[in-house]
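Count residues from 1 along the sequence.
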Amino acid sequence: MEEEYIAGKHSVTEALRAGRSINKIWIADGSQKNLVQSVVTEAREKGIVIQYVDKRKLDSFVPGVQHQGIIAQAAPYAYAEVEDILAAAEAKGEAPFIVLLDEIEDPHNLGSILRTADCTGVHGVVIPKRRSASITATVSKTSAGAVEYVPVARVTNLGQTIDRLKEQGVWVVGTDLNTDSNLYQADVFTGPVAIVIGNEGKGMGRLIREKCDVLVKLPMQGQINSLNASVAAGVIMYEVLRRRQSLG
């Protein structure tokens, strides 16, 4: 079985708390006790092997990732199905709130979106299997462990997934700089909704755009006419949360 690495104190801590299957935890020699002690204590309570190693070994496991001297070896990330996401919303008695990512390629953006998704009550995130960032140590670290709580589904065809969601009464809202409709004028956020966030450079693909029920844009007052994908996603997710909370 393939295994993967989870890097950083927060990511490892949340993986432990979420019951993720962890085989071993490596801690860098000389790590500050106040940084690693809570992880060590929780890992020992669960009977997980802890090994102290040279920091350079940790660097080799997750090149370029700020691991803070803590890395866990875990079973592969278990992707959800779209049906699982819909079922989670139903179990909570809530209208589905889903985020669809149309070829988000930067793992830092994916991690940031997952972190905000957890904070705003998103029931799940859907990503395509091709031309998209997947769940990695970088994504987990950037999400501050939110990847352990927000279900992520990988689909072969995002367009077909949109069709299935629409058949189940979910309104699909796309983000597009060229539309006239303002985010704050849209009135579909309190019901079943799926928000589409497009690629960092080219935005949504043509076919995905055509399948959206509603297109919205964020109002821009300055000289720059666009936001980073994860920032734009965050603004929209919090607007959905605000609308839903306003209904009590």
Hey, what do you get for [atom1] ([X]) to [atom2] ([Y]), rounding to the nearest 0.5 Å?
| X | Y | atom1 | atom2 | result |
| --- | --- | --- | --- | --- |
| Ile104 | Ser230 | CD1 | OG | 8.0 Å |
| Met220 | Leu177 | CE | CG | 6.5 Å |
| Ile135 | Leu114 | CD1 | CG | 5.5 Å |
| Ile22 | Lys24 | CD1 | NZ | 13.5 Å |
| Arg20 | Ser140 | CZ | OG | 7.0 Å |
| Ile27 | Lys33 | CD1 | NZ | 12.0 Å |

Would you name the heavy atoms of [X] and [Y] that are closest together and state the gap between them?
| X | Y | answer |
| --- | --- | --- |
| Thr175 | Gly198 | OG1-N, 4.1 Å |
| Met237 | Val99 | SD-CG2, 3.9 Å |
| Ala146 | Arg115 | CB-CA, 3.6 Å |
| Pro151 | His123 | CD-O, 3.3 Å |
| Phe189 | Ile195 | CE2-CD1, 3.8 Å |
| Tyr238 | Cys119 | OH-CB, 3.5 Å |

When you look at Val152 and Tyr77, which way does the side chain to side chain contact (heavy atoms under 4.5 Å, CB included) test go after all the steps?
CA-CA 10 Å; Val152 178; Tyr77 179 80; 3.5 Å; yes
Answer yes or no: is there a donor N or O on one side and an acceptor on the other, between the side chain of [X] and the main chain of [Y], under 3.5 Å?
| X | Y | result |
| --- | --- | --- |
| Glu148 | Gly145 | no |
| Arg243 | Thr190 | no |
| Glu200 | Asp106 | yes |
| Arg130 | Glu103 | no |
| Lys217 | Thr179 | yes |
| Gln68 | Lys9 | yes |
| Lys166 | Lys211 | yes |

Would Gln37 and Thr41 satisfy side chain to side chain donor-acceptor pair (under 3.5 Å), going step by step from the backbone distance to the final call?
CA-CA 6 Å; Gln37 189 57 51; Thr41 300; 3.2 Å; yes
Minimum side-chain heavy-atom gap [X]-[Y] below 4.5 Å:
| X | Y | value |
| --- | --- | --- |
| Asn109 | Asn228 | yes |
| Ile98 | Leu86 | yes |
| Leu218 | Ile236 | yes |
| Val62 | Thr138 | no |

Check whether [X] and [Y] end up in the same hydrophobic cluster, where Ile, Leu, Val, Met, Phe, Trp and Tyr are linked by side-chain heavy atoms less than 4.5 Å apart.
| X | Y | value |
| --- | --- | --- |
| Val188 | Leu241 | no |
| Leu16 | Val147 | no |
| Leu101 | Val139 | yes |
| Val49 | Tyr5 | no |
| Val125 | Val82 | no |

Quick one: which of Ile197, Asp102, Asn199, Leu158 gives a side-chain contact (heavy atoms from CB on, under 4.5 Å) with Met204?
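Answer to the side-chain contact (heavy atoms from CB on, under 4.5 Å) test with Met204 among Ile197, Asp102, Asn199, Leu158: Asp102.
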Would Val196 and Cys212 count as a side chain to side chain contact (heavy atoms under 4.5 Å, CB included) here? Give the steps.
CA-CA 8 Å; Val196 185; Cys212 292; 4.2 Å; yes
Worked check of side chain to side chain contact (heavy atoms under 4.5 Å, CB included) between Ile162 and Ile208
CA-CA 8 Å; Ile162 288 175; Ile208 300 300; 3.9 Å; yes
Please say whether more than 12 non-hydrogen atoms of neighbouring residues, nucleotides or ligands are located less than 6.0 Å from CD in Gln51.
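Buried by this count: over 12 neighbours within 6.0 Å.
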Answer yes or no: are there more than 12 heavy-atom neighbours, outside Trp26 itself, under 6.0 Å from its atom CH2?
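Enclosed: over 12 neighbouring heavy atoms sit under 6.0 Å from CH2 of Trp26.
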Do the charged groups of [X] and [Y] touch, with an N to O distance under 4.0 Å?
| X | Y | value |
| --- | --- | --- |
| Arg244 | Glu94 | no |
| Glu105 | Lys202 | no |
| Glu167 | Arg164 | no |

By the side chain to side chain donor-acceptor pair (under 3.5 Å) test, which pairs, at least two apart or in different chains, include something from residues 79-91?
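For residues 79-91, and leaving out neighbouring residues, there are no side chain to side chain donor-acceptor pair (under 3.5 Å) pairs at all.
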Carefully, step by step, assess Glu14 and Tyr149 under the rule side chain to side chain donor-acceptor pair (under 3.5 Å).
CA-CA 9 Å; Glu14 297 306 334; Tyr149 302 108; 2.6 Å; yes
Between Asp59 and His67, does a side chain to side chain contact (heavy atoms under 4.5 Å, CB included) hold up when you go through it step by step?
CA-CA 8 Å; Asp59 294 341; His67 51 68; 2.6 Å; yes
